[in-house]
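Please read the structure below before turning to the comments.
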Amino acid sequence: MSARWMLVGLLVLAVLIPSVAGAAPQAGKEFPAGKPDFSKIFNEHKERMMNWVQNCERWLERMQEKVNASKLSEESKLRIQERIRNMEANMEQIRAQISNANNYTELRDAVREVRTLWINTSKEMRLVAYENAIAQMDVIIAKLEELADRFESYGLDTTQLRNAINDANSTLNEIKTKIANGEDVSKDLRELKKKIDAAFAEAKKLAREYKPKPSNGIVMANVSGSFELNGTLNALIKGKGNVTVNPESSASRANGTVVAIVVRGNASVSGEGDFKIIAHGNGTLTMNGTGNYSYKECADQKFKSGSFNESVTINFGCGQL
Amino acid sequence: MRALPIFLFLCILILGCTAPESTTEKASPTPQNTHTQTPIQTTPKPVETPITTPLATPSEDLGIDNIEKELNETEQMLSELETLENVSFDI
C-alpha cells in the first residue's frame, strides 16, 4: 500500500519539478517576461544610431579624400569641399542629439529631429557622390579611348570597343544635362556604369590580343606644330591639320573633319597641325612646337615621359629599322 | 521495505535530470601554458634565387588594373551611400 503511495508521490514530483525549474529566474533577466526592458532597448538603439553616425562621418571623410585626389576642376573641388563641410556640421549636430539622449524617450525625440536633418544631409551626400562618380567615369571613358587608340595603332579591330565607348559617352552627356537641370540621375548612373562595364570588358578582350614584339618600341605623343615620323611601324595619327604619307599606299584615311590615319609598314609621315601620334615598331619621331610624349624603346621596358616647347627627337624600337 | 531504496533511487534520478542548469560557467580546461608557441619550422628553406625586378605586366602597362580599381571604388562609394540612406529611424 505504502509503495503505491510512494509511486504516486514520485509521479507528482516528476510532473511538478520541471515546471518549477522552468519558472526559476534565469541569470541576466532583470525584468519578468512580457514587460519591455526600456533600458536595454535604449542602449541597443543608441549604439545602432551612433554606429550609423560614425559610418556617415567615415563616408564623408573618404569622399573628401577622393574629391581632393580627383581630376575635378579647382572650382568644382572648392564647391564640393564647402558642401562636405556643411554635411560634417550637420552630422556633428546629429551626433550631439543622439549622444545627449539619456533615456529611451529622449532618444526617440532626438531621432525624430535627426530624421528631418538627415533628409537634407542625405540629399547633399547624394549630389556630392554623383558629381564625384561622374567625374570618375569621365576619366575612365577618356582612359578607355586612349586604350582604343593604342589598340588601333597596334593593328587590332577596335570597332566594338569604340561603339561601346560612344554608347557610354552619350549616356554620360545626357546625365550631365540632367544634373544641370536639377533632375534625379540615380537610374541613369546605374545605366552608365553598366555601359562602362561593357566597354571595359571589350577593352580587356583586346588587351589579351595586344602583344607587341619585344623588339618593338612604342611612342605616344601630342603635338601642336609639326612632326616627322619615319620607320617600320604601325601608327595612328589623329587630329587637325595636313598630313603627308610616303608611300600613300601604306595609309588608310578616315573621312571627316578630324584626320585619322593608320599607317602600316615602312613609311615616312609628316604633318602640320594639332595631332595625337601613337606608333609601334622601330623608328624616329621628331616634333617641333609644343606637346608631350611618353615612349619606351623596347616593349618590355617602362615608359619614359616628357614635354617639349621647341623640338624633340625620339628614337624607339630595339630592332633594325 | 523493499520499495524504499527504489523510491530513493528514482527520486535522485528525477531530481538529477530535472535540476535547472547551473548559472555559473562550466570550468573549461585551460591550457597550462598560455604562451603561444611558434611551431618549429620543418619545411626546408627554399633555394635562394636571384631577385629580378619585375617588369610591368600587360594589364599594368595598359592601365587595365587602375581602371578596374577606379570602377570598383566608384561603385563602392555609391552602394555604401545607399546603405547609409536605408537607416531605420524607428525606435
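Just so we're on the same page: letters track the sequence lines, and every chain starts at 1. Only this structure's heavy atoms are used, side chains among them; waters, hydrogens and symmetry mates stay out. Keep in mind the model is a prediction, meaning the values are calculated, not measured.
- Within residues 60-69 of chain A, the residues having any heavy atom closer than 4.5 Å to a heavy atom of chain B are A:R62, A:M63, A:K66, listed by residue number.
- Contact check on B:D61 versus A:K296 returns a salt bridge, with a Lys/Arg side-chain nitrogen under 4.0 Å from an Asp/Glu carboxylate oxygen.
- Across every non-hydrogen atom of B:I91 and A:R48, the tightest pair is CG1-NH2, 4.2 Å.
- Checked by atom type and distance alone, the side chain of A:W52 never pairs as donor or acceptor with a backbone atom of B:V87 at under 3.5 Å.
- For B:S88, the parts sitting under 4.5 Å from any heavy atom of chain A are the backbone and the side chain alike.
- Atom CD of B:E68 and atom CG of A:D197 lie 9.5 Å apart (nearest 0.5 Å).
- Chosen from B:L78, B:L81, B:N66, the residue pairing most often with chain A at heavy-atom distances under 4.5 Å is B:L81.
- In this structure, chain B has no heavy atom under 4.5 Å from any part of A:R112.
- Annotation for B:L71 and A:K193: closest pair O-CE, 3.9 Å, computed over non-hydrogen atoms.
- B:E85 has its side chain out of reach of A:M125: every pair of non-hydrogen atoms, C-beta onward, lies at least 4.5 Å apart.
- Here B:E70 does not pair with A:K71 in a salt bridge; the nearest charged N to carboxylate O distance is not below 4.0 Å.
- Crowding of A:K143 atom NZ: a count of heavy atoms from other residues, nucleotides or ligands under 6.0 Å exceeding 12.
- Of the two parts of A:F42, neither the backbone nor the side chain holds a non-hydrogen atom closer than 4.5 Å to a non-hydrogen atom of chain B.
- The closest side-chain heavy-atom distance from A:L147 to B:I67 is below 4.5 Å.
- Both the backbone and the side chain of A:R115 come within less than 4.5 Å of a heavy atom in chain B.
- How far CZ of A:R58 is from CG of B:L84: 11.0 Å, rounded to the nearest 0.5 Å.
- For a residue to count as touching a neighbouring chain, one of its non-hydrogen atoms must lie under 4.5 Å from one of that chain's; by this rule B:I64 touches chain A with backbone and side chain alike.
- Interface remark: of the candidates A:M137, A:R108, A:K204, A:K204 forms the most heavy-atom pairs closer than 4.5 Å to chain B.
- Residue B:E82 touches chain A through its side chain alone, counting heavy-atom pairs closer than 4.5 Å.
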